[in-house]
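These notes concern the structure reproduced below.
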Number of protein chains: 2
Amino acid sequence: MATYLIRKLEQFTALSRDDKEALERAASVRQRRLGSREDIFHEGDAPGRVNLILDGWACRYKMLEDGRRQIAAFLLPGDLCDLRMFILRQMDHSVGTLSPVTVAEIPKDAVIDLSDNYPRISRALWWTSLVEEAIQREWTTNLGQRDALERMAHLLCEVFVRLRAVGLTAGSSCELPVTQAELADATGLSTVHVNRTIQELRARGLVILRGKTLSIPDLDALQDVALFSANYLHLGRVGREYDANDV
Amino acid sequence: MATYLIRKLEQFTALSRDDKEALERAASVRQRRLGSREDIFHEGDAPGRVNLILDGWACRYKMLEDGRRQIAAFLLPGDLCDLRMFILRQMDHSVGTLSPVTVAEIPKDAVIDLSDNYPRISRALWWTSLVEEAIQREWTTNLGQRDALERMAHLLCEVFVRLRAVGLTAGSSCELPVTQAELADATGLSTVHVNRTIQELRARGLVILRGKTLSIPDLDALQDVALFSANYLHLGRVGREYDANDV
DNA sequence: CGGTCATTTGAAATCGTTCAAAAGGAGTGG
DNA sequence: CCACTCCTTTTGAACGATTTCAAATGACCG
């Protein structure tokens, strides 16, 4: 069940059978099934267990007092919602589902055990944190510098490449279980303008969006429009030096 | 010399004399003095030592191919530029100075030693990572949801509160060694609009900006305009449970 | 004292928002 | 299976926040 997490971590380092079993065990202690648009946790909550997305999409978001909402990250299968946040007193943001989701609730002691006793996992989890930070910086750049078309294109590139890394693409297609209103909250645009921007991308033949399915006929072309470079995702098994010695 | 780092970490947990000496030692191994607008490291570089800002201001930034620049974070005295990034192959962004800066270059082995053998420091460094992530999320929200006036106000609130946490404010004033063009790169606005926005804040009596000095006569009022809440900075010695047992 | 960089001002152009409403789709209960 | 409802997508038109362009003023450095 921790398949996607394992695939993700293997982008950074090979894992031994033992490593993988430890991850599977941690992820199977307790699971929770949520519908669309439910909170996994909410700003102000005290952190508890660590939530791993097994299936479905979620997002980090912040609300302003007057109701404006910013989606600050998409959480895809294999993503951890709150790794290590249990040292804080309160969550400073919320995480909610965008589609039906299955989460594994990993007890914090299990996380500590993984960190202390499985060096490859420990390093790989550090790597996931660094990548998350890099993604967040990229989103800041996206909102600050790119115009609407570039911004939407960039978001779609990122989602596609991240899904591909965990095996959730089929050819040039993937799921995109997100409404235009949610894309608006993620890009800082109005829903009206998101709609027009998507139409423009469609008109240029850069994306095909039907229902909840996204197709990108020419990823290079979309990346060019988006000024997208995947370097910040740090994918592709760079850690040869950390290969499992006992796979 | 690691005074500001120590003050920052003490926002999270008390430190023993031993802890502090270890930090001082790590920060004194090698220091580097940089002028204004020099790079501490650059996107694409291989990570090496860990850079700690001892004095002066720096920023994380990303450049797009066509020259647009986004400042993604301000790095203030006591901030670490690249904690744990040495597990990556390449830096995905650059860090450059905004004013003359003194950095301590901490060998990565020294960082590992601190993490492995000083549990309070280890946890506190952890906490700094979480706060950095939270700040980055907040910047995303700032760019995505707040209009120009709120956005500038928010940025100034954050900087002031962070500086206050390390003792770099005097009453309602602090340094702001940053040009309007740099504020523009940080807020995703044009320099012209930054200028007009600052004038508006001035006209409302919310800020006094003369030269490189910022004064905030009524922080609460500025926070209200900015929809600013300091919760995401996780300041204020919340970790009673982690108090040093041997201070 | 000249030169360079930073701030300020004005006016026109533009991108994106807002408001309002229609059209399309999916699920529900009768 | 239809009628109904709710939600999402789409369209049009006016408005407004922010950008761009261009130039003047001010501050600091050598």
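The sequence lines fix the lettering, A, B, ..., with proteins before strands; numbering per chain opens at 1. Everything numeric here is computed off the predicted structure, so don't read it as measured data.
- The residue A/R146 sits apart from the nucleic acid: no heavy atom pair falls under 4.0 Å.
- An angle of 50°, rounded to 10°, separates the two end axes of the helix from C/dC1-D/dG30 to C/dG30-D/dC1, each defined over five pairs.
- Side chain of A/D45 to backbone of A/M91: no donor-acceptor contact under 3.5 angstrom is found.
- Nucleotide D/dT8 holds its P atom 14 Å from the CD1 atom of A/I198, rounded to whole Å.
- In this entry the distance linking NE2 of A/H193 with C1' of D/dT18 reads 13 Å, nearest Å.
- Going from atom CG of B/L183 over to atom P of D/dT18 covers 16 Å, rounded to whole Å.
- One finds no side-chain N or O of B/R210 lying less than 4.0 angstrom from the OP1 or OP2 phosphate oxygen of D/dG26.
- Residue B/R196 places a side-chain atom within donor-acceptor reach of the base of C/dG10, judged by atom type and a 3.5 Å distance cut-off alone.
- Of the candidates B/L54, B/T102, B/I40, B/R32 forms a side chain to side chain contact (heavy atoms under 4.5 Å, CB included) with just one, namely B/I40.
- Taking atom CG of B/L149 as the reference point, atom P of D/dG16 lies 18 Å away to the nearest angstrom.
- A/T179 comes within 4.0 angstrom of the backbone, heavy atoms only, and of no base.
- Projected onto DNA chain D by closest heavy-atom contact, A/V178 and B/L189 fall at different nucleotides, the more 5' of which corresponds to A/V178.
- Ion pairing of A/R146 with A/E138 is present here, as a side-chain N (NZ or NE/NH1/NH2) and a carboxylate O approach within less than 4.0 Å.
- Residues passing the side-chain hydrogen bond (donor to acceptor under 3.5 Å, both in side chains) test with A/T187, sequence neighbours excluded: none.
- Rounded to an integer number of Å, the gap from B/K212 NZ to D/dA27 P is 13 Å.
- Using a 4.0 Å heavy-atom distance criterion, A/R37 is classed as a sugar-phosphate-only contact.
- Separating the CD atom of B/Q180 from the P atom of D/dT25 is a distance of 18 Å, rounded to the nearest angstrom.
- Rounded to an integer number of Å, the gap from A/D185 CG to C/dT17 C1' is 14 Å.
- A straight line from CG of B/D147 to C1' of D/dT19 spans 16 Å, rounded to a whole angstrom.
- Within the 4.0 Å cut-off from OP1 or OP2 of D/dT10, at least one side-chain nitrogen or oxygen of A/N195 is found.
- A salt bridge is defined here as a Lys NZ or Arg NE, NH1 or NH2 lying under 4.0 Å from an Asp or Glu carboxylate O, and A/R84 with B/E133 fails to meet this definition.
- Between A/R204 and A/E200, at least one side-chain nitrogen of the basic residue sits less than 4.0 Å from a carboxylate oxygen of the acidic one, meeting the salt-bridge criterion.
- Comparing D/dT10, C/dG10, C/dT18 by their nearest atom to the side chain of B/V192 picks out C/dG10.
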Please report the C-alpha distance between B/E150 and A/R68 in whole Å, then the side-chain angles of each, then the deciding distance to 0.1 Å, and finally whether the side chain to side chain contact (heavy atoms under 4.5 Å, CB included) criterion is met. CA-CA 13 Å; B/E150 296 164 341; A/R68 281 176 277 179; 2.9 Å; yes
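- The side chain of A/Q199 places no N or O atom within less than 4.0 Å of a non-bridging phosphate oxygen (OP1 or OP2) of D/dT9.
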